[in-house]
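Below, all heavy atoms of this structure are taken into account, side chains as well, without hydrogens, waters or symmetry copies.
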Amino acid sequence: MTLHIFSLLRPKYGALVAALVSLFLFGCVPATPAATTVSTPFEATAASPTSTMLPAPAPEYDKQIRNAQYQLGMTDSPRVVQLVDGRYSEGAPGDADLITINMTDFVARGDLNGDGMDEVAAVVAENYGGSGVFVFIATYSLINGEPVFQTSTFVDDRPAINALAIEGGEVFLDAVTHAAEDPFCCPTLHNQRHYQLVDNQLVMSDYVTFTPSGSPRTIAIESPVNGAEAFSSVLVKGSFAIAPFENTFAYRIYDMGGVELSAGSFTVTSAGFGAPGAFETMINIGGLLSGSAIRVEIQDINAQDGSWFAMDSVELLVK
């Protein structure tokens, strides 16, 4: 199963309730589950029974988004439903048309398109009567203070979500998703990624996984910077934390609609197996129309199953 310069974040994990919900949810999902909350797989320390601390009230935008419209992500044709307190359901357990939607406690607010107006991102879980719990990141614009659904992107079936944030104009997600050989019940692949809001779509701008010892596999494109001009070719420089298999990275060039325009590979320099290093390579862009916007991805690919170990990207303007 598959899946900008990366800045490693130290996300804050959810509160006790979110942790306990996750342990219940992702350990075993019934055939026709009730509305589901996707949350952190890590345990939290319970407060003392004598504690007088009260939970902070939810911000107003959190309340609003839980009563907004939501466009289903798993249906063949677009369909919009009305959430009430973050939930929507129709049908009864055992019905072929059962739908259960639950907006989790992972909600973040920030400016995603640089217009000075905030958007809201939320993690939403969809269930259609089977064991699958299909998790999406959804974004909303705030128009006259009211949330309006923009877009969503699929994360995984039954992942464990650790953190969601909007920082630096991007959506950040820390999650445990499924590696190629993982059973559906039990994801093991810890990863972090960022998404940009591009033409009202969420586009992944970087991706990081971790070794068994917890070391991050990162790629950082240092030159050119986002928005730079490129001609028939572009010199791409950067660094990485862990050398790739056979010291080889892949690259892919996409238009802003996500259509792949070209692909290739290049070798990198490192101090040895698994060591950090640097890369510098000239990538041929080809005869693209002047004024075209493109995205160049540098990828560290797992040779066993074709999934990513790491990815970083940069957006360029063809001249």
Side-chain angles (χ1 to χ4, degrees), residues 3 11 14 18 21-22 25-26 33 35-40 58-90 99-115 117-128 132-177 191-205 207 258:
L3 283 176
V21 170
S22 175
L25 170 61
F26 295 104
T36 309
T37 298
V38 183
S39 190
T40 171
E60 186 63 27
Y61 70 84
D62 185 278
K63 299 176 184 178
Q64 290 174 316
I65 199 173
R66 295 180 186 279
N67 292 280
Q69 292 186 328
Y70 171 74
Q71 182 172 300
L72 302 179
M74 290 299 293
T75 53
D76 293 332
S77 57
R79 182 183 171 192
V80 175
V81 299
Q82 178 66 49
L83 300 178
V84 177
D85 294 331
R87 297 173 181 266
Y88 173 83
S89 63
E90 65 179 58
I99 299 175
T100 302
I101 309 301
N102 181 51
M103 182 174 289
T104 73
D105 291 335
F106 291 97
V107 178
R109 178 174 177 170
D111 187 0
L112 290 176
N113 54 16
D115 64 356
M117 304 293 289
D118 283 350
E119 283 74 37
V120 177
V123 175
V124 182
E126 303 183 11
N127 173 261
Y128 294 86
V133 180
F134 307 106
V135 173
F136 292 80
I137 297 174
T139 61
Y140 289 78
S141 58
L142 295 175
I143 300 178
N144 296 324
E146 296 296 326
V148 177
F149 180 86
Q150 288 179 307
T151 188
S152 67
T153 188
F154 180 62
V155 176
D156 196 19
D157 177 3
R158 284 165 281 179
I161 305 299
N162 299 329
L164 179 79
I166 295 179
E167 293 187 5
E170 298 183 329
V171 178
F172 167 77
L173 180 73
D174 183 301
V176 179
T177 59
N191 59 85
Q192 298 176 339
R193 76 278 296 268
H194 287 87
Y195 294 91
Q196 290 181 321
L197 187 62
V198 180
D199 292 335
N200 217 39
Q201 298 295 319
L202 286 171
V203 178
M204 194 183 301
S205 60
Y207 180 79

(request) Please check if the side chain of D62 supplies one atom and the backbone of Q64 the other of a donor-acceptor pair under 3.5 Å. (result) no

(message) Using 30° and 60° as the class boundaries, would you call the ring planes of F149 and Y140 parallel, tilted or perpendicular?
(response) perpendicular

(message) Using only atom types and a distance under 3.5 Å, with no angle test, would you say the side chain of Q192 pairs donor to acceptor with the backbone of Y207?
(response) no

(request) Starting at CG of L173, measure out to CG of N191 and round the result to the nearest 0.5 Å. (result) 7.5 Å

(message) Whether the side chain of D156 engages the backbone of R158 through a donor-acceptor N/O pair (distance < 3.5 Å, no angle test) should be reported.
(response) no

(message) Under the criterion side-chain contact (heavy atoms from CB on, under 4.5 Å), I'd like the reasoning laid out for V124 against T104: C-alpha separation, chi angles, the key distance, then a yes or no.
(response) CA-CA 6 Å; V124 182; T104 73; over 6 Å; no

(request) With rounding to the nearest 0.5 Å, note down the distance linking CZ in R193 to CD1 in I137. (result) 7.0 Å

(message) To the closest 0.5 Å, what do you measure between OG1 (T153) and OH (Y195)?
(response) 5.0 Å

(request) State, to 0.1 Å, how close V171 and A121 come at their nearest heavy-atom pair, and which atoms those are. (result) CG2-CB, 4.1 Å

(request) Grab the two heavy atoms, one from N162 and one from F106, that are nearest each other, plus how far apart they are. (result) O-CE2, 3.5 Å

(message) Using salt bridge (charged side-chain N to carboxylate O under 4.0 Å, His left out), reason through D85 and R66 one step at a time and then give a plain yes or no.
(response) CA-CA 5 Å; D85 294 331; R66 295 180 186 279; over 6 Å; no

(message) Is it the case that the side chain of Q201 and the backbone of T151 share a donor-acceptor pair, with hydrogens and angles ignored and the cut-off at 3.5 Å?
(response) no

(message) Would you say S205 and E170 are linked by a side-chain donor-acceptor pair, where the criterion is simply a distance under 3.5 Å?
(response) yes

(request) State plainly whether the residues R79 and E90 are in salt-bridge range, i.e. N to O under 4.0 Å. (result) yes

(message) Under a 3.5 Å distance rule, please check whether E126 uses its side chain to pair with a backbone N or O of V135 as donor and acceptor.
(response) no

(request) Find the distance between OH (Y61) and CG (L142) and round it off to the nearest 0.5 Å. (result) 9.5 Å

(request) Output yes when a side-chain donor or acceptor of D111 lies under 3.5 Å from a complementary backbone atom of G169, and no otherwise. (result) no

(request) Classify the side-chain pair E119/T139 by whether it contains a donor and acceptor separated by less than 3.5 Å. (result) no

